[in-house]
Amino acid sequence: VGEIEQLTATVSPDNATDKTVTWTSSDSTIASVDATGKVTGIKPGEVTITVKTVSGEKTAESKITVSSSKVVDASISVVDGKASVTGASTIITSIDNTIAANLKPYVSVDAKEVDTVTMSNDVVKALVKSTDGALHIEFAKGTIELSSSALLKVDTTVAESTYSLETKAVPERFESLDLAGVYSVSLITGESKSIEFGTPVKVSLVYALKEGESADDIRIVYLPESGDAKTLDGATYSDGVVTFSTDHFSDYAIAFHSIGGGIDMIWIILIVIVVIIIAVVVVLFFLQRNNKLPPIFSKFGKPVKIKRP
């Protein structure tokens with residue numbers, strides 16, 4: 001709602017005498033369109049925008065969905081090597097106006113040039129007033145998205161929090177694993193660096209497939225500070241980005257096979273062997289009790305005769 005999208009019509013052939021077109025909306029109360037194809041969202045819903053040549057011989061349509069969310073754009077500034085979100089008061093005013101209009105505030109921070117950014121916690125305080133708000137930060141190596149319910153875990157008694165998403169070397173204790181890349185995702189607020197959000201947060205990591213790698217085999221592996229690595233379920237890959245959900249920030253790696261979180265194949269084989277041995281012993285026991293042991297086993301279980309001198 002309130003967003004503007006520019007549609008463009010191309011009339012062929014290039015040497016057409018009259019390339020004039022007209023634009024119409026199927027429901028101008030949801031989205032309006034002007035004579036140049038500029039569409040403005042008015043209220044949540046779906047409309048069809050139609051463009052027609054003056055002759056009326058050619059038409060084209062585009063379906064537009066107007067979301068109940070309103071994007072609040074935020075930019076950063078870098079001073080002495082430190083990146084910070086600027087214009088906190090303006091962002092807060094936009095959030096408050098969005099909530100007053102019964103819309104969902106969606107703060108989008110453009111931090112594509114950096115790996116770490118600091119933001120005033122006053123913005124977080126404003127966002128959590130809406131149960132459907134969200135904070136989206138796009139870094140050079142990926143994006144993070146936190147809902148209002150996740151942001152409730154941020155310690156807003158301190159002035160600001162620092163968000164980061166960066167690549168790093170494979171931790172020494174995980175070097176034996178076949179990992180394609182390691183990313184560190186963190187939110188530092190007050191004394192806390194590791195926050196349990198209690199609700200899913202979305203993380204997207206930029207990764208270009210190498211020769212021989214398949215998007216169908218991609219996995220996200222959680223690398224804890226202590227304990228074993230574990231493969232997370234639900235990772236997807238599209239347009240050079242791996243997306244997954246987690247309930248806390250930490251180190252994560254991209255791999256093309258499952259790691260941890262299950263039973264290794266060697267253990268499966270050993271368990272099968274043990275089960276087979278137990279089954280054979282049980283069968284032989286019952287055959288012996290019924291005097292039906294095969295000849296090859298007949299000497300087993302017979303009493304031993306001792307000759308006295």
Side-chain angles (χ1 to χ4, degrees), residues 1-6 27 29-32 38-47 64-77 83-114 116-139 142-165 185-190 192 195-204 241 243-249:
V1 173
E3 297 299 308
I4 296 175
E5 181 174 349
Q6 180 66 58
D27 190 339
T29 65
I30 294 177
S32 63
K38 187 182 296 182
V39 181
T40 302
I42 297 174
K43 70 177 183 181
E46 186 176 278
V47 298
I64 300 291
T65 299
V66 180
S67 171
S68 58
S69 297
K70 181 176 175 58
V71 177
V72 177
D73 292 317
S75 57
I76 65 170
S77 65
S84 302
V85 174
T86 59
S89 59
T90 301
I91 296 171
I92 293 169
T93 299
S94 296
I95 292 172
D96 290 341
N97 291 340
T98 300
I99 295 174
N102 293 319
L103 298 175
K104 305 171 185 177
Y106 184 91
V107 176
S108 180
V109 180
D110 181 358
K112 290 191 292 291
E113 297 180 358
V114 298
T116 302
V117 66
T118 298
M119 186 177 74
S120 168
N121 278 334
D122 287 339
V123 174
V124 175
K125 291 178 183 178
L127 260 178
V128 298
K129 294 176 185 176
S130 168
T131 57
D132 297 312
L135 171 65
H136 175 97
I137 305 178
E138 182 174 4
F139 295 100
T143 63
I144 59 175
E145 185 170 308
L146 300 95
S147 64
S148 291
S149 54
L151 290 171
L152 287 171
K153 299 295 184 178
V154 174
D155 182 6
T156 54
T157 62
V158 295
E160 58 187 24
S161 294
T162 300
Y163 306 76
S164 68
L165 192 163
V185 189
S186 67
L187 194 173
I188 302 175
T189 176
S192 177
I195 300 176
E196 295 288 342
F197 295 109
T199 187
V201 296
K202 187 166 75 172
V203 178
S204 297
V241 175
T243 301
F244 65 100
S245 293
T246 179
D247 61 2
H248 68 285
F249 290 158

Inset, instruction - Report yes or no: do Ser161 and Asn121 form a side-chain donor-acceptor pair below 3.5 Å? - result: yes
Legend entry - Shortest non-hydrogen contact from Ser186 toward Ser164: OG-OG, 2.6 Å
Inset, instruction - Decide yes or no on side chain to side chain contact (heavy atoms under 4.5 Å, CB included) for Ile144 and Val201, but give the supporting numbers first. - result: CA-CA 7 Å; Ile144 59 175; Val201 296; over 6 Å; no
Inset, instruction - Decide whether Thr243 and Ser204 meet the rule of one side-chain donor and one side-chain acceptor closer than 3.5 Å. - result: yes
Legend entry - Heavy-atom closest contact (Asp96 atom, Ala126 atom, distance): OD1-CB, 4.4 Å
Legend entry - Short side-chain to backbone donor-acceptor contact, Asp122 and Ser89, under 3.5 Å: no
Inset, instruction - Verify side-chain hydrogen bond (donor to acceptor under 3.5 Å, both in side chains) between Ser148 and Thr131, making sure each step is shown before the conclusion. - result: CA-CA 6 Å; Ser148 291; Thr131 57; over 6 Å; no
Inset, instruction - Check each of Val109, Val117, Thr143 against Glu138 using the side chain to side chain contact (heavy atoms under 4.5 Å, CB included) test, and report the only one that passes. - result: Thr143
Inset, instruction - To the nearest 0.5 angstrom, please state how far the CD1 atom of Ile188 sits from the OG1 atom of Thr118. - result: 8.5 Å
Legend entry - Between OG on residue Ser120 and CD1 on residue Ile91, distance to nearest 0.5 Å: 9.0 Å
Legend entry - Spacing of Leu152 atom CG and Leu127 atom CG [to the nearest 0.5 Å]: 10.5 Å
Legend entry - Thr189 side chain vs Asp155 backbone, donor-acceptor pair below 3.5 Å: yes
Legend entry - CZ on Phe197 to CG on Asp247, rounded to 0.5 Å: 9.0 Å
Legend entry - Heavy-atom side-chain proximity of Val85 to Val123 below 4.5 angstrom: no
Legend entry - Heavy-atom pair of closest approach, residues Thr86 and Ser77: CG2-OG, 3.2 Å
Inset, instruction - Would you check if Ile76 and Asp110 make a side-chain contact, meaning some heavy-atom pair closer than 4.5 Å? - result: no
Legend entry - Closest approach of Thr98 to Lys104 (non-hydrogen atoms, all atoms of both residues): CG2-C, 3.8 Å
Legend entry - Enclosure of Glu46 CD (heavy-atom neighbours >12, cutoff 6.0 Å): yes
Legend entry - Val107 and Ile95, any side-chain heavy atoms less than 4.5 Å apart: yes
Legend entry - Step-by-step side chain to side chain contact (heavy atoms under 4.5 Å, CB included) determination, Met119 to Leu135: CA-CA 11 Å; Met119 186 177 74; Leu135 171 65; 3.7 Å; yes
Inset, instruction - Report the distance from atom CD1 of Ile137 to atom CD of Glu145, rounding to the nearest 0.5 Å. - result: 10.5 Å
Legend entry - Distance, nearest 0.5 Å, that separates CZ of Phe249 from CG of Leu146: 4.5 Å
Inset, instruction - Using distance alone, with no hydrogens and no angle criterion, decide if Ser130 and Asp132 have a side-chain donor and acceptor under 3.5 Å apart. - result: no
Inset, instruction - Mark yes when over 12 heavy atoms from residues, nucleotides or ligands other than Lys125 sit less than 6.0 Å from its NZ; otherwise mark no. - result: yes
